[in-house]
Number of protein chains: 2
Amino acid sequence: MSWKPITEPTLTNLLDQISFNEQGLISAIAQDEAREVLMLAWMNREALSETLSTGRVCYYSRSRGKLWRKGESSGQEQHLLSASLDCDTDCLLLTVQQKGVACHTGRRSCFYQALTPTGLTNLTNPDVDPTNLYGTPPSS
Amino acid sequence: MSWKPITEPTLTNLLDQISFNEQGLISAIAQDEAREVLMLAWMNREALSETLSTGRVCYYSRSRGKLWRKGESSGQEQHLLSASLDCDTDCLLLTVQQKGVACHTGRRSCFYQALTPTGLTNLTNPDVDPTNLYGTPPSS
């Protein structure tokens, strides 16, 4: 399975059907082929347009206020396999091929803290040292 | 696997570690035991507290402006199996036992519209007639 790029005029037509929020964003859940949920991030219209037309996942970083081509600094790219939209047209589910780890802490998935009767418990340890991903301590 | 209720003082301690957004909400992804992503919804502190202490999933309905005990009108309840928090502490991943369907359209998952080169394509048909879930046409 590989991504079939979405081109005009379908691309604009699809983007027009998305309910971006008041900040112009839509949430996107990334899940891998084994259905492990890796992360949730946000896209603006430009990021989603780039993602759908190239198959290389691009988010919008709310903290940096700009497009975030996943893996551009860490090499941990996401390649799109499929994408679906929910019933409210305000959330996307992406199936991705994750190169390496998704989380900036060096873990495969960002959801590594279990909520338990004794508090937060780490479910996994980092697969890679985050300083090897970014060279400097990571920010989210 | 069944949910072990989280009680005080751990409950308050956990809730204090959550980064609720400026509206006092956190996003929550619900995934079933087969790892199918069913839906994304929102919780406020009260909804999350109730969910963690009872094991019955309770969201906050942004459209209705009140707690939304999933299944309270449709019978399609969600029972919590596990919960984890992401690295930014602003998104939850819930593993749930879904009674019936999660989507108000009568489908198992809310993510039923594929984004394809020819536009939006329905991946699934309703398992149940939504008028049988609610008696009246559903609102989200």
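Naming: A, B, ... by sequence-line order, numbering from 1 per chain.
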Co-membership, hydrophobic cluster, residues [X] and [Y], 4.5 Å side-chain:
| X | Y | answer |
| --- | --- | --- |
| B/Leu133 | B/Tyr59 | no |
| A/Val96 | A/Val101 | no |
| B/Trp68 | B/Leu40 | no |
| B/Met43 | B/Leu11 | yes |
| B/Leu48 | B/Ile29 | no |

Quiz item: More than 12 heavy atoms of other residues, nucleotides or ligands under 6.0 Å from CD of A/Gln17: is that the case?
Solution: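 It does: A/Gln17 CD has more than 12 such atoms within range.
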Quiz item: CD of A/Glu33: more than 12 outside heavy atoms within 6.0 angstrom?
Solution: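 Yes, CD of A/Glu33 has more than 12 neighbouring heavy atoms, counting only those of other groups under 6.0 Å.
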Quiz item: Any side-chain heavy atom of A/Gln31 sitting closer than 4.5 Å to one from B/Gln31?
Solution: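 Counting from C-beta outward, A/Gln31 and B/Gln31 do come under 4.5 Å.
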Quiz item: B/Arg35 and A/Ala34: which non-hydrogen atoms are nearest, and at how many Å?
Solution: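 Scanning both residues completely, I find the closest heavy atoms to be NH1-O, 3.1 Å.
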Quiz item: What's the shortest heavy-atom distance between B/Ser84 and A/Leu123, and which atoms?
Solution: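 So the minimum-distance heavy-atom pair works out to CB-CD1, 4.2 Å.
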Exercise. Return the option, out of A/Ser82, A/Cys110, A/Gly119, with the maximum number of heavy-atom pairs under 4.5 Å with chain B.
Key: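 The answer is A/Cys110.
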Quiz item: What residue in A/Val37, A/Thr89, A/Asn13 has the most heavy-atom pairs under 4.5 Å with chain B?
Solution: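 Ranked by contacts with chain B, first place is A/Val37.
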Self-check item: Residue among B/Leu92, B/Asp90, B/Thr7 with most heavy-atom pairs under 4.5 Å to chain A
Solution: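 Winner by heavy-atom pair count: B/Leu92.
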Practice problem: Between chain A and each of B/Ala114, B/Ser27, B/Ser109, count heavy-atom pairs under 4.5 Å; write down the option with the most. | Solution: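 Winner by heavy-atom pair count: B/Ala114.
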Exercise. Select one option (side chain, backbone, both, neither) describing which atoms of A/Leu93 are under 4.5 Å from chain B's heavy atoms.
Key: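 When you check distances to chain B, atoms from both the backbone and side chain of A/Leu93 fall under 4.5 Å.
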Taking side chain as everything from C-beta outward and backbone as N, CA, C, O, which of these in [X] sits under 4.5 Å from a heavy atom of chain A? Side chain, backbone, both or neither.
| X | value |
| --- | --- |
| B/Glu36 | both |
| B/Leu85 | both |
| B/Cys91 | both |
| B/Leu120 | both |

Self-check item: Spacing of CG belonging to B/Asp88 relative to CZ belonging to A/Arg62, to within rounding of 0.5 Å
Solution: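 Taking CG in B/Asp88 and CZ in A/Arg62, the distance rounds to 8.0 Å.
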Exercise. Report the distance from atom CG of A/Asp86 to atom CZ of B/Arg107, rounding to the nearest 0.5 Å.
Key: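 Nearest 0.5 Å value for the CG-CZ distance: 12.0 Å.
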Self-check item: B/Thr116, B/Thr118, B/Leu115 screened by side chain to side chain contact (heavy atoms under 4.5 Å, CB included) with A/Ile6, the one that passes
Solution: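 Output: one option passes, namely B/Leu115.
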